[in-house]
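Just below is one structure, and these are the notes that go with it.
A, B, ... follow the sequence lines: proteins, then strands. Residue 1 opens every chain. A quick note: this is a predicted structure, and the numbers were derived from the prediction, not measured.
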Amino acid sequence: MSEQGALKETTYREAVKEALREALTKDERVFLMGEDVGHYGGCYAVSKGLLAEFGSERIRDTPLSESGFVGAGIGAALGGMRPIVEVMTVNFSLLALDQIMNNAATIQHMSGGLFNVPLVIRMATGAGKQLAAQHAHSLEGMYAHIPGLRVLCPATLEDARGMLWTSLQDPDPVLIFENNTLYNMEGTLPNNAGAVEIDSARVLRPGRDITIISYSASLYKCLDAADELAQKGIEAEVIDLRTLRPLDDATYLTSIAKTHRALIVDEGWRSGSISAEISARIMEQAFYELDAPVERICSAEVPIPYAPHMEIAALPRVAAIIAAAKRMVSHG
Amino acid sequence: MSEQGALKETTYREAVKEALREALTKDERVFLMGEDVGHYGGCYAVSKGLLAEFGSERIRDTPLSESGFVGAGIGAALGGMRPIVEVMTVNFSLLALDQIMNNAATIQHMSGGLFNVPLVIRMATGAGKQLAAQHAHSLEGMYAHIPGLRVLCPATLEDARGMLWTSLQDPDPVLIFENNTLYNMEGTLPNNAGAVEIDSARVLRPGRDITIISYSASLYKCLDAADELAQKGIEAEVIDLRTLRPLDDATYLTSIAKTHRALIVDEGWRSGSISAEISARIMEQAFYELDAPVERICSAEVPIPYAPHMEIAALPRVAAIIAAAKRMVSHG
Amino acid sequence: MSNIIDREHAINQLRQMLLIRRFEEKSAELYSATKIRGFLHLYIGEEAVAVGVMAALAPEDAVVATYREHGQALARGMSASSIMAEMYGKQEGCSRGRGGSMHLFDAATRFYGGNAIVGGGIPLAVGLALADKMLDRNRVSCCFFGDGAVAEGDFHEAMNLASLWKLPVLFICENNLYAMGTALRYTQAVTDIASKAYGYGMPAKAVDGMDVMAVEDAARTATEHLHQGKGPYFLECRTYRFRPHSMFDTELYRNKEEVEQWKKRDPIDLLSQRLREAGLLSDQDWAALEQSVAEEIEAAVDFAEAGTWEPIEDLTRFVYSERRRA
Amino acid sequence: MSNIIDREHAINQLRQMLLIRRFEEKSAELYSATKIRGFLHLYIGEEAVAVGVMAALAPEDAVVATYREHGQALARGMSASSIMAEMYGKQEGCSRGRGGSMHLFDAATRFYGGNAIVGGGIPLAVGLALADKMLDRNRVSCCFFGDGAVAEGDFHEAMNLASLWKLPVLFICENNLYAMGTALRYTQAVTDIASKAYGYGMPAKAVDGMDVMAVEDAARTATEHLHQGKGPYFLECRTYRFRPHSMFDTELYRNKEEVEQWKKRDPIDLLSQRLREAGLLSDQDWAALEQSVAEEIEAAVDFAEAGTWEPIEDLTRFVYSERRRA
Ligand SMILES: Cc1ncc(C[n+]2csc(CCOP(=O)(O)OP(=O)(O)O)c2C)c(N)n1
Ligand SMILES: Cc1ncc(C[n+]2csc(CCOP(=O)(O)OP(=O)(O)O)c2C)c(N)n1
Ligand SMILES: [Mg+2]
Ligand SMILES: [Mg+2]
């Protein structure tokens, strides 16, 4: 960490844009490609203004051809460029999953190390805006199942600003998931904010009684819950996983060695979620540390409905986190 | 179970073909569609002969358009047919995942129950034939993450013969995964073999010392391991999950209440596998029953290599199952 | 122009376009009032396409639409009330409040949804047509999609399947020149969309999508072709979106002049003028139309307002069918 | 026929085709001997396509191929030894024994693999060409794919992207009339594949894929077009697979007569006859060719036999790069 510069007010959206601007400025091989990143300004206004700044070759609008332009991004990476491919949202990335799993994640191993794919793919993820079943998936956990990929989930302004550059230095494909509800999040960043490491999880809030493990937007529900729990005298330690693949086990295991209780909060569907993987790893590596079984709070296993009350009911809630934490701490 | 008829020698391949023949004969709305199911006779010879028997309308060769013909299968199901769509192997199904997740699995909930999708999708899965990274995926666990789908993994001749008809009676989309190494498996079936229930797991081998939970081809490694363990005086109970979604928790929980130890064997990549989900559920529902932490034996987290020794090294091995079981039983 | 003679029909077409227009103007209002949430994609300017095409379909035909489907749903005969209630998220809505604006469904009119994955609905129409063919039902499956969808693999695969298997699919491309904020010239190497049908051996026609009668004529020609079992038909309707792509769009990608030019060809004005010139539409007629449309929409809003919320306990219903094992 | 004058070149083309032929005959033998496992897709009968096209490529150009790529790899200049060792699964193989027959890779010749997902390699070629264009390198990216791949969405999306962005991609469709066991007439509504290029605004030509000189001429015309920055070019090579799709194929879908008819147009016979008629190939010349090819293949087999197994501890190497953070 270089010395911190003066703080400036900003938003998650601006932080991502700053990261893009920095990358495009520093490295000529970097370009941004995706649907509506140019003339429209980005579906979430993240790339607004960059077309004028960097031109249509480097801020490249694509047709609706997710598989085609993700595959083209892989090829461009093989050809010496450093593409940032934006898939508008994770919901549409299923159309490109064959390219991501069978090419991007596989070529290096399958070629015996001859070729690597320095590609960054950004996508918006998550529910919360009443966009209904086909626009509310949280599939970052599913992507974390695939060997050969790195999966990042920037939850803070610092990570939104800093993870992109580090990802671009990585010789392998990196997926960055930006939760759509975070773009308007406000906060401050040092003027000289820049690259951050992407290998470890971070303790967002220290505590002694229970470890709450989460990532992305759900973290803020965990922090709210932790505040309320504190008033009840329960000190929850909140951990931001930051990177879903490869997982940093050490950080949460260290915490559990202290708290002896773990609760995982995950916006993905419960069965086969990344939270299941973490629970299984705790079982395998910290079984004898546990004073209570690890619990999970995930989204209901339903396509996310449009109606506001139904959508809220389908997602992890602060009240549920508090209730679970209390139960776990009181018992055992 | 109706009274058992005389036994006849058969194979897994023949059992699936018999199931197809029965379905095509009994229900005019049933048809089989996929790549090379007709003139070629099926890439694994499963549908060999059916074209001559049922004609090219009902044994329908498709172009290489996985997304297109899976989507067409969904539409045909909505239109009153009972399509059996064969996706040659799970490796290619990624191209159709958008249709499977965003349409087949979602339409009923999203339409408030107005429309349902009575579609069966069959695919071959698994490694073991030196087909290398793009032809050796085991992604049934990934599909089991998706609400709205039923995911079946017939491991026995009985299930290969019986699961299809039951699936066709289901008003919702059912995915049937046939491990490619099982097609040549020989055995006997009663002449009157037919539909089987698809809701519950089954104890393949009773035991008192440890519960080994698995599905599909890996089960045979578990059974071999169990035989060897028996010689060492360790009685392993082997459970065939049969259905990965929805999971039948009761069967393995009942077993664990007896053995107090659970080992899960899964050909999928370890992180985020179905075995993680099962481990997490045991944590949540049987924590206090456990005398040792639940363990998992999965495939190495690598694209499956071509070289024979490397492929074997990447997959679950009998020796590893035995070693883990011994360690778990001896300890704690 | 044959239809002009049939005044009743023409007036009905005009009323349907007006209903869509006013319904969406009201929806935009209600969006600002936060009664409607999520994405709201307005069809304003494109009404002639849905109204013209639906006039050529029979009740037993099937329709698959996109997330911009209020027009198709209304023109197909779904009630404004059930659609408005859906956008309110009320359980009296056509999809129980689960789908919202992008996912309107209706069994009675065989309306297979609002699909919000661009191109994702096209293969469904192929399958619906396949079912009809295999069950010897002489019906049409009609799918609507935009110019942007033409770049998707699903478009290509579905076009080939429908033509290869000679299925009765009516492909309606609503070419409004933009895919969200990306102009057609930035998404297609060949911007003459209808011409692409020939690569699939499919008859195709491009029609003025602002002229409801031209659209209806072309659609009737198409459905006749389909009913003769000659395989699919492709119809490109050249139209324009007067409003932003969705309520979040700041329209940086097109200029006001272009929009104004197209507004001069407003499909509702075009038809009403034609009727007036033919002496078939008086000021009173028009006022009466506006009146009845206003009443229908008011009733729809009242219905939606009076609607109830689906109980949260029902959240997990319909993930799987309740009558397990058909 | 201009090339016929260049005897040396013609003989070299003949030798390359012969090398591929004998290499694959040997591979089939070794497959039966279980030295080679997995899928083995033979190119026998189609040699003129790879040999003709590669002659038009420069060393700095890039190639993306399919799982049926022994011919492309050899014609591109990869050593028979590294390919044979790969099929043996030895670490001296071009892909360390990890890829096998379907996944041959080589950095020196910019051979970006054997891709076993039908159509999956096509977008990669588009990206490779995009990189060249953005880096102002006047190079060609050439992708090979079969008639079956034309039905895939990836084909459609990649064709449009390449043409839209005027990228130097050479699309080579190896039309051998079958996708595995499914005849072209069962996979394409329009079986004239070259004609599809026009829907993407791409120049295209169909050429006799059994005539190596015709293929080379057409490929040179194509690469000239590409080097002038005029965008992509589509070349359909009409050829035929003499052998089964893979070693498991029982060929129920085609009859012996058809195969025999095509064998009369064996690309190797065609060229050698032409050379003999022109008095440019003597029996001794032929014997010498066979001899040198046999020696090269024997050496390759020896190399593969002598090869070593990658240590199992290396299994997890190259999932991620070892030099983390370039
Ligand atoms: C597969 C997919 N990619 C991207 C999107 C986001 N998106 C929604 S509408 C749209 C533009 C579609 O344009 P067009 O097909 O012309 O239809 P129009 O909106 O003009 O009616 C985009 C990019 C999506 N919904 N689905
Ligand atoms: C996406 C995908 N679907 C199916 C397969 C199985 N498969 C392998 S080769 C093949 C036929 C391909 O035919 P074509 O493109 O004409 O190439 P050819 O084998 O004739 O050279 C099929 C169906 C695959 N490998 N990938
Ligand atoms: Mg449009
Ligand atoms: Mg072929």
Side-chain angles (χ1 to χ4, degrees), chain A residues 66-67 91-92 94-95 97-103 105-110 112 132-134 137 139 141-142 144-148 244-247 264 268-288 290 292-296 300-303 305-306, chain B residues 66-67 91-92 94-95 97-103 105-110 112 132-134 137 139 141-142 144-148 244-247 264 268-288 290 292-296 300-303 305-306:
Chain A
E66 285 78 7
S67 187
N91 309 283
F92 319 138
L94 299 177
L95 293 162
L97 184 55
D98 169 67
Q99 286 295 335
I100 295 171
M101 191 186 298
N102 285 321
N103 285 334
T106 302
I107 281 175
Q108 183 180 178
H109 194 268
M110 187 165 72
Q134 293 180 332
H137 294 305
L139 299 173
M142 186 184 87
H145 180 54
I146 305 171
L244 300 190
R245 184 178 189 97
L247 275 171
I264 309 159
W269 289 312
R270 184 184 186 93
S271 295
S273 58
I274 187 77
S275 59
E277 176 61 27
I278 294 164
S279 177
R281 291 188 184 198
I282 295 170
M283 163 79 82
E284 287 151 4
Q285 302 173 58
F287 183 69
Y288 298 99
L290 295 174
V294 174
E295 294 196 27
R296 297 178 285 165
E301 303 205 34
V302 302
Y306 163 73
Chain B
E66 286 77 6
S67 187
N91 309 283
F92 320 138
L94 298 177
L95 292 162
L97 184 54
D98 168 68
Q99 286 294 336
I100 295 171
M101 192 187 299
N102 285 321
N103 285 336
T106 301
I107 282 175
Q108 183 180 176
H109 193 269
M110 187 166 72
Q134 293 180 333
H137 293 306
L139 298 175
M142 186 184 88
H145 180 54
I146 306 171
L244 300 191
R245 185 179 187 96
L247 276 170
I264 309 160
W269 288 313
R270 183 183 185 93
S271 295
S273 57
I274 186 78
S275 58
E277 176 61 26
I278 294 163
S279 177
R281 291 188 184 198
I282 294 170
M283 163 78 82
E284 289 152 2
Q285 302 173 58
F287 183 69
Y288 298 99
L290 295 174
V294 174
E295 295 194 27
R296 295 180 285 165
E301 303 207 33
V302 303
Y306 163 74

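For A:Arg270, the parts lying under 4.5 angstrom from a heavy atom of chain B are both the backbone and the side chain. In this structure, the portion of A:Met110 lying under 4.5 Å from any heavy atom of chain B is its side chain and not its backbone. Contact annotation for B:Ala300: neither backbone nor side-chain heavy atoms come within less than 4.5 Å of a heavy atom of chain A. Contact of A:Ile264 with chain B is not made at all, since no heavy-atom distance falls under 4.5 Å.
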Show your reasoning for whether side-chain contact (heavy atoms from CB on, under 4.5 Å) applies to A:Asp98 and B:Glu66. CA-CA 11 Å; A:Asp98 169 67; B:Glu66 286 77 6; over 6 Å; no
Which is it for A:His137 and B:Met101 under the side-chain contact (heavy atoms from CB on, under 4.5 Å) test, yes or no, and what are the steps along the way? CA-CA 10 Å; A:His137 294 305; B:Met101 192 187 299; 3.8 Å; yes
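Chain A forms the most heavy-atom pairs under 4.5 Å with one residue out of B:Asn102, B:Asn103, B:Leu97, and that residue is B:Asn102. Chain A forms the most heavy-atom pairs under 4.5 Å with one residue out of B:Arg296, B:Glu295, B:Met142, and that residue is B:Arg296. Considering only heavy-atom pairs separated by less than 4.5 Å from chain A, the leading option among B:Ala280, B:Gly112, B:Pro147, B:Gly272 is B:Pro147. Counting heavy-atom pairs under 4.5 Å between each of B:Pro305, B:Ser273, B:Gly148 and chain A puts B:Ser273 at the top. By number of non-hydrogen pairs under 4.5 angstrom with chain B, the leading residue of A:Glu301, A:Gln285, A:Met283 is A:Met283. By number of non-hydrogen pairs under 4.5 angstrom with chain B, the leading residue of A:Ala105, A:Ser275, A:Ser279 is A:Ser279. Counting heavy-atom pairs closer than 4.5 Å to chain B, the top-ranked of the candidates A:Val302, A:Asn91, A:Ile274 is A:Val302. For the set B:Leu95, B:Val294, B:Thr106, B:Leu247, the entry with the most heavy-atom pairs within less than 4.5 Å of chain A is B:Val294.
Nearest heavy-atom pair across B:Phe287 and A:Ala292 is CE2-C, 4.1 Å.
A side-chain donor from one of B:Ser271 and A:Arg281 sits under 3.5 Å from a side-chain acceptor of the other.
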